[in-house]
Amino acid sequence: MTKENVLEALKSVTYPGFTKDIVTFGFVKDIIVEGNAVALTVDITSSADEVKAQITEEATTELKKLGFENITINVKAPQAPKQMSNSMSGKNIAPHVKNFLMVSSGKGGVGKSTTSVNIAVAMAMQGKKVGLLDADIYGPNIPRMMGVEDQKPEIQGNKVLPLKAYGVEVMSMGSLMEPGQSLIWRGSMIMKAIEQFLRDILWSELDVLVIDMPPGTGDAQLTLAQSVPVTAGITVTTPQMVSLDDSRRSLDMFQKLHIPTAGVIENMSGFICPECDAESDIFGMGTSAPVALEYDTELIARIPIEPAIRIGGDTGKPVTYHQPDSETAKRYQEAASKVLAFIDKVNAEGGVDNQAIQPTTPPGVSACSTGAAPQQSSGGCGSHGGDGQGGCGCH
């Protein structure tokens, strides 16, 4: 028997929750064959005991079929995280979700949705129960990137069942609309949609719900932060100064909304040549690190420009899943591990609290009102009189 025989046999062992096998994922290492004895290591990304047990059982069965009598399988797995409450006080309209991760950006076109997809897939590959909410109402690209653009969600009672792909539960406005249909909505409609995505989608008891936000710092971000305690926030940027200027606003928003900042992901950071694998500096590289330090956080990943990322996004085949050995996939996996560790740290220190950002105006009173009841005014928000104690911050 040879190592090649062992690898061929183990291609029948599918990684739990996925359609690919442990050999294709590159998890099988250090194979030693001596007569009718075989020893090997399976280096997995999940800390779940049931995943380790299933892989060990199925791999042992396949190796016995080859005639091996003495089989040693060493399953290496990351340490299981501590399970903590994600909320001290405040409002939470989706309490069955343990942690909420807001993926934000100061401007559009920086790769925020691509980052959300690959971080979510990486977390699922690491054994977490993950959901991916496409809250970018005006530009819902997640269905295409996850390969579910032709699927429509099912209705169960008065709830909507999320779609599933790559071990991730997925929901997007793009899955509810006709292709090419535009949404011409005011802020109040966006706010209502965000709340419904959290309350009316039949999410499982997720470890993490990754939320791809619209660019900027507006109604959607505030509504989300007031609706659920956001455990962590990520800002996605590119290395150019024009992007970093807007990223500062996103990082400042996290601070004002009391959202713990997990870090910054610098996208389009260098170019990896598909022919020679050399990495070249095009737009700048590492310029996000000083900005992250300004806001007491860190640069958690530099994601290069690599053709496989664009191909994966266009074809619904995320690079983290379909090309796990690529440099980009490895960086997404490392970023996901850092974010999960940050979430564990936040929870270990007592969790998050959105009480301080709840609306303070009484029911039926405009957030722009300055008294106990709405006041008549001929002007807009800035024309109110009174003592300046409004709830919108316009005074």
Side-chain angles (χ1 to χ4, degrees), residues 26 45 78 101-123 125-126 141 145 208 210 212-213 215 232-252 254 260-314 317-343 345:
T45 56
L101 173 64
M102 179 190 289
V103 182
S104 185
S105 68
K107 64 185 299 179
V110 297
K112 175 175 51 58
S113 295
T114 301
T115 299
S116 299
V117 164
N118 284 283
I119 289 292
V121 170
M123 287 181 173
M125 292 175 68
Q126 292 181 30
N141 303 126
M145 292 182 172
V208 184
V210 179
D212 180 27
M213 300 301 298
I234 294 175
T235 290
V236 181
T237 186
T238 56
Q240 304 101 311
M241 289 300 112
V242 291
S243 178
L244 291 172
D245 287 344
D246 292 324
S247 296
R248 287 183 171 90
R249 299 183 181 95
S250 180
L251 291 166
D252 180 67
F254 287 153
T261 306
V264 177
I265 289 184
E266 184 176 284
N267 211 12
M268 307 181 196
S269 181
F271 167 73
I272 295 182
C273 173
E275 301 297 331
C276 63
D277 291 330
E279 187 169 355
S280 305
D281 184 357
I282 296 179
F283 299 132
M285 190 182 296
T287 55
S288 306
V291 176
L293 288 176
E294 289 178 29
Y295 292 87
D296 195 28
T297 187
E298 64 173 328
L299 176 61
I300 56 177
R302 290 192 307 101
I303 306 299
I305 299 173
E306 192 171 11
I309 303 177
R310 194 274 305 165
I311 295 170
D314 285 349
K317 297 179 178 180
V319 63
T320 300
Y321 182 88
H322 285 275
Q323 297 192 33
D325 293 328
S326 66
E327 181 61 29
T328 298
K330 292 175 182 177
R331 294 188 190 185
Y332 276 129
Q333 287 284 4
E334 183 180 359
S337 296
K338 287 183 178 180
V339 174
L340 288 171
F342 181 84
I343 288 174
K345 179 176 179 290

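We use all heavy atoms of the structure for the numbers below, so side chains are in, but hydrogens, waters and symmetry mates are not. If you're wondering where the values come from, they're calculated on a predicted model, not measured in any experiment.
Legend: residues meeting salt bridge (Lys or Arg N to Asp or Glu O under 4.0 Å) with Lys338, ordered by chain and number and at least two apart, are Glu334.
Distance check, rounded to the nearest 0.5 Å: CG of Leu340 to CZ of Phe342 gives 12.0 Å. In this structure, CD1 in Ile265 is found 11.5 Å from OG in Ser247, a value given to the nearest 0.5 Å. Of the inter-residue distances, the one linking Asp212 atom CG with Ser113 atom OG reads 3.5 Å to the nearest 0.5 angstrom.
Residues Val339 and Leu101 are in side-chain contact: their nearest non-hydrogen atoms beyond the backbone lie under 4.5 Å apart. Thr235 is listed as a side-chain neighbour of Leu251, based on a closest heavy-atom distance under 4.5 Å.
Side-chain atoms of Ser104 and Ser250 include a donor-acceptor pair closer than 3.5 Å.
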For Leu244 and Thr287, what are the C-alpha separation, side-chain angles and deciding distance, and is it a side chain to side chain contact (heavy atoms under 4.5 Å, CB included)? CA-CA 8 Å; Leu244 291 172; Thr287 55; 3.6 Å; yes
Verdict with supporting geometry, Val319 and Tyr332, side chain to side chain contact (heavy atoms under 4.5 Å, CB included): CA-CA 9 Å; Val319 63; Tyr332 276 129; 4.2 Å; yes
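The shortest non-hydrogen separation linking Leu299 to Ala292 is N-CB, 3.9 Å. Scanning both residues, Thr114 and Met145, for their nearest heavy atoms gives OG1-CE, 3.5 Å.
Ion pairing between a basic and an acidic side chain is recognised when a charged N comes within 4.0 Å of a carboxylate O; Asp246 and Arg249 show such pairing.
Here the side chain of Gln333 pairs no donor or acceptor atom with the backbone of Gln126 at under 3.5 angstrom. For the pair Ser243 (side chain) and Thr237 (backbone), a donor-acceptor distance under 3.5 Å is absent. Panel note: side chain Ser116, backbone Lys112; a donor-acceptor pair is recorded below 3.5 Å.
Across Thr115, Asn267, Thr238, a single residue satisfies side chain to side chain contact (heavy atoms under 4.5 Å, CB included) together with Val110, and that is Thr238.
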Just list the side-chain donor-acceptor pairs under 3.5 Å for residues 301-311, sequence neighbours left out, or say none.
unit_1	atom_1	unit_2	atom_2	d
Arg302	NH1	Ser269	OG	3.0
Glu306	OE1	Thr328	OG1	2.2
Arg310	NH1	Asp314	OD2	3.2

